[in-house]
Amino acid sequence: MAEFDWDSLKTEAAAAMGHAYVPYSHFPVGAAALVDDGRLVVGCNVENAAYGVALCAECGLVSQLHITGGGRLTHFVCVNRDRDVIMPCGRCRQLLYENGGPDLLLLTVSGVKRMDEVLPDAFGPDDLA
Ligand code: THU
């Protein structure tokens with residue numbers, strides 16, 4: 001099987017980053033992910049005068065996932081203004097775990113990792129079963 005094209009996914013994340021609304025942090029973020037049916041979903045961060053309620057790029061991405069038919073995330077990356085890979089914040093790791101599960105692959109600052117390495121011993125939907 002061909003190697004996954006992380007650079008193309010980064011390019012999609014960088015394009016989404018260009019739409020970020022960040023008048024407070026001036027730290028635009030773009031996120032992109034592949035869905036198990038081949039769809040691409042993206043998101044950008046959207047801030048608010050009530051700083052604490054900023055929407056991370058991952059929030060928009062997960063919303064787009066559900067709006068466009070659901071499914072499971074299989075590959076994920078997020079980038080900053082310089083197209084550098086950044087790590088999802090703690091809350092967004094939980095969001096990604098919920099929508100991709102332990103097998104989701106992430107391009108991280110230390111290479112490709114599984115979701116269960118990025119959020120070890122996660123609390124998840126199975127704990128509520
Ligand atoms: N941010 C994201 O969009 N995703 C993350 O995973 C990390 C942080 C945003 C939130 C805020 O708008 C800005 O980056 C600075 O924290």
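Atoms within a ligand are numbered from 1 in the order they appear, just like the ligands themselves. Each residue takes its place number in the sequence, starting with 1. The figures here come from the full heavy-atom set of this structure, side chains too, leaving out hydrogens, waters and symmetry mates.
- Under the 4.5 Å side-chain criterion, counting only non-hydrogen atoms from C-beta, Leu73 is not in contact with Tyr97.
- Counting only heavy atoms from C-beta outward, the side chains of Phe27 and Val22 never approach each other to under 4.5 Å.
- Atom 9 (C) of ligand 1 has its closest protein heavy atom at Asn45 ND2, 3.3 Å.
- Separating the CG atom in Leu96 from the CZ atom in Arg91 is a distance of 10.0 Å, to the nearest 0.5 Å.
- Interface of Ala57 with ligand 1, defined as ligand atoms under 4.0 Å from a residue heavy atom, comprises 2 (C), 3 (O).
- At the top of the distance list for atom 16 (O) of ligand 1, counting protein heavy atoms only, stands Phe27 CD2, 4.8 Å.
- Proximity of Cys56 to ligand 1, defined as any heavy-atom pair under 4.0 Å, is shared by backbone and side chain alike.
- Using a 4.0 Å cut-off to heavy atoms of Pro88, the atoms of ligand 1 that qualify are 6 (O).
- Among protein heavy atoms, the minimum distance from atom 4 (N) of ligand 1 is reached at Glu58 OE1, 2.9 Å.
- Counting atoms of ligand 1 from 1 in the listed order, those under 4.0 Å from a heavy atom of Ser25 are 13 (C), 15 (C).
- Heavy atoms from other residues, nucleotides or ligands lying under 6.0 Å from OH of Tyr51 number 12 at most.
- When atom types are taken as modelled, the side chain of Gln64 and the backbone of Val42 share a donor-acceptor pair closer than 3.5 angstrom.
- Where the criterion is an N or O separation shorter than 3.5 Å, residue side chain and backbone included, Cys89 meets it with respect to ligand 1.
- In this structure the side chain of Val29 never reaches within 4.5 angstrom of the side chain of Asn80, judged on heavy atoms.
- Contact annotation: the side chain of Leu105 never approaches that of Phe76 to less than 4.5 Å [non-hydrogen atoms, C-beta and beyond].
- Annotation for ligand 1: atoms under 4.0 Å from non-hydrogen atoms of Glu47 are 11 (C), 12 (O), 13 (C).
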